[in-house]
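So the structure is just underneath, and the comments pick up after that.
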Amino acid sequence: MSAGPAPGPGPVPAPAPMDTPLTRLAGCRYPVVQTGMGWVAGPGLVAAVARAGGLGILASATMSLEDTAAAIRSVKRRTGAPFGVNLRSDAADARERAELLVSEGVRVASFALAPRRDLINLLKEGGVAVVPTVGAPRHAEKVASWGADAVMVQGAEGGGHTGSVATTVLLPRVLDAVDIPVVAAGGFRDGRGLAAALAFGASGIGMGTRFLLTSDSAVPEAVKRAYLEADETVVTRAVDGIPHRVLRTPAVDALERAGSARRLVLALRNARAFRAEAGTGWGAMLRGGWSMRRSQGAGIAQTLSAANTPMMLRAAMVEGRTDAGVMSAGQTVGAITDLPSCRELVHRTVEEARRAVAELPK
């Protein structure tokens with residue numbers, strides 16, 4: 001009688017924890033952060049990263065308050081490991097969302113825009129660490145003076161809304177400017193990047209595109225294939241008036257060719273759809289657009305186009321419409337060739353970083 005196939009080697013043991021100010025602040029085993037990508041960073045991906053020992057960040061800006069509460073509880077049912085939630089500081093219900101994080105015992109609140117002092121105080125008093133994303137040393141200094149626990153620095157290589165300064169230039173400047181933990185983002189995909197960031201003095205790295213391209217990501221397979229086949233990105237203002245690093249798609253090409261009237265029609269249509277999807281009031285959307293207009297010098301049509309990004313991201317990331325959607329992507333996309341699980345990715349990154357450090361000339 002056949003004994004059947006021999007059993008496999010079993011799960012590979014997890015690497016030893018890596019101690020940095022970030023891991024102590026967030027309670028995770030490894031200084032690897034999955035950034036809060038809209039329509040991508042849902043409960044499944046966040047829980048998978050948390051179980052792997054990294055810090056998963058739930059993207060709530062595209063969710064209503066009720067959906068955010070349900071998503072947080074979904075992550076907690078899947079894992080007892082700590083995780084974070086990304087919030088919009090300019091949301092009309094920002095205070096209610098912050099109170100939700102406190103009541104649910106969420107470990108970290110991240111922000112793409114600087115949160116108000118009162119939000120920082122509310123979160124910190126409730127035991128939630130506050131980690132805004134910054135793009136300049138002065139922004140880091142401001143939020144640090146307001147009580148932020150750490151900052152994430154995203155250089156120009158990162159996907160989505162981005163600046164013009166490379167991570168290798170921006171990171172040391174921010175490290176010199178503040179004395180709170182700094183997480184490096186923009187252009188990271190493996191352990192060599194983690195080793196380099198730690199050598200600069202950062203407390204960890206944030207990765208977006210790399211976690212989007214994992215087997216745990218719920219992004220449609222056709223979209224993942226488009227990313228894996230891509231070898232370059234472009235920065236465009238045509239989506240919502242702010243520099244946005246994306247894959248080149250027919251939708252982006254059409255937006256760049258479109259006149260102001262066509263963009264205005266698209267903006268109004270997407271604004272109505274986003275208002276229904278995320279429970280965002282017209283007042284909050286117009287305030288956000290007006291803030292963008294003042295800070296970025298955007299025109300009226302571009303100001304009204306603030307909802308284009310989330311809805312065009314949804315078309316690709318949820319509906320799989322690569323021909324009609326926007327696909328944010330970091331410059332590292334051309335070097336990514338596989339779809340590992342989050343466990344494999346996080347553990348591989350940590351092991352590669354340790355090996356890179358060990359192989360440095362003595």
*Kindly determine whether Leu101 and Ile72 satisfy side chain to side chain contact (heavy atoms under 4.5 Å, CB included), including the steps that lead there.*
CA-CA 8 Å; Leu101 268 60; Ile72 290 172; 4.1 Å; yes
*Check whether any side-chain N or O of Arg210 sits under 3.5 Å from a backbone N or O of Leu213 as a donor-acceptor pair, and report yes or no.*
yes
Please list, one pair per line, the donor and acceptor atoms closer than 3.5 Å that link side chains of residues 189-197 to other protein atoms, with sequence neighbours excluded.
residue	atom	partner	partner atom	Å
Asp190	OD1	Arg192	N	3.2
Asp190	OD1	Gly193	N	3.2
Asp190	OD2	Arg192	NE	3.1
Asp190	OD2	Arg192	NH2	2.9

*With rounding to the nearest 0.5 Å, note down the distance linking OG1 in Thr349 to CD in Glu344.*
9.5 Å
*Would you check if there is a donor-acceptor pair between the side chains of Gln154 and Thr133 at a distance under 3.5 Å?*
no
_One thing to verify: whether Lys224 and Glu221 come together as a salt bridge, which I'm taking to mean a side-chain N less than 4.0 angstrom from a carboxylate O._
yes
_Test: Glu351 and Arg355 ion pair at under 4.0 Å_ = no
Side-chain donor-acceptor pairs of residues 227-234 under 3.5 Å, sequence neighbours excluded:
residue	atom	partner	partner atom	Å
Tyr227	OH	Ser328	O	2.6
Thr233	OG1	Arg245	NH1	3.0

_Verdict with reasoning, Ser217 to Phe211, per side chain to side chain contact (heavy atoms under 4.5 Å, CB included)_ = CA-CA 7 Å; Ser217 167; Phe211 277 108; over 6 Å; no
*Quick one: does Asn86's side chain have a donor or acceptor within less than 3.5 Å of a partner on Ser60's backbone?*
no
*Grab the two heavy atoms, one from Ser89 and one from Pro115, that are nearest each other, plus how far apart they are.*
CB-CA, 3.6 Å
*Got a salt bridge between Arg348 and Asp338, using NZ or NE/NH1/NH2 to carboxylate O under 4.0 Å?*
yes
*Using distance alone, with no hydrogens and no angle criterion, decide if Ser341 and Asp216 have a side-chain donor and acceptor under 3.5 Å apart.*
no
*Can you say whether the rings of His244 and His161 are parallel (under 30°), tilted (30 to 60°) or perpendicular (over 60°)?*
tilted
*Going by the side chain to side chain contact (heavy atoms under 4.5 Å, CB included) test, name the single residue among Thr236, Val246, Asp240 that passes it with Val326.*
Val246
*Less than 4.5 Å apart, any side-chain heavy atom of Leu122 and any of Arg95?*
yes
*Stepwise, does the side chain to side chain contact (heavy atoms under 4.5 Å, CB included) test hold for Val252 with Thr249?*
CA-CA 5 Å; Val252 172; Thr249 64; 3.3 Å; yes
*Might you confirm whether atom CZ of Arg138 has over 12 heavy atoms from other residues, nucleotides or ligands at distances under 6.0 Å?*
no
*asked:* Which Ile, Leu, Val, Met, Phe, Trp or Tyr residues join Ile180 in one cluster when any pair of side-chain heavy atoms under 4.5 Å counts as a link?
replied: Val134, Val143, Val151, Val153, Val165, Val169, Leu170, Leu171, Val174, Leu175, Val178, Val182, Phe200
_Tell me if a side-chain donor or acceptor on Thr20 pairs with a main-chain N or O of Gly204 at a distance below 3.5 Å._
no
*Compute whether any side-chain donor of one residue and acceptor of the other, for Arg97 and Thr68, lie under 3.5 angstrom apart.*
yes
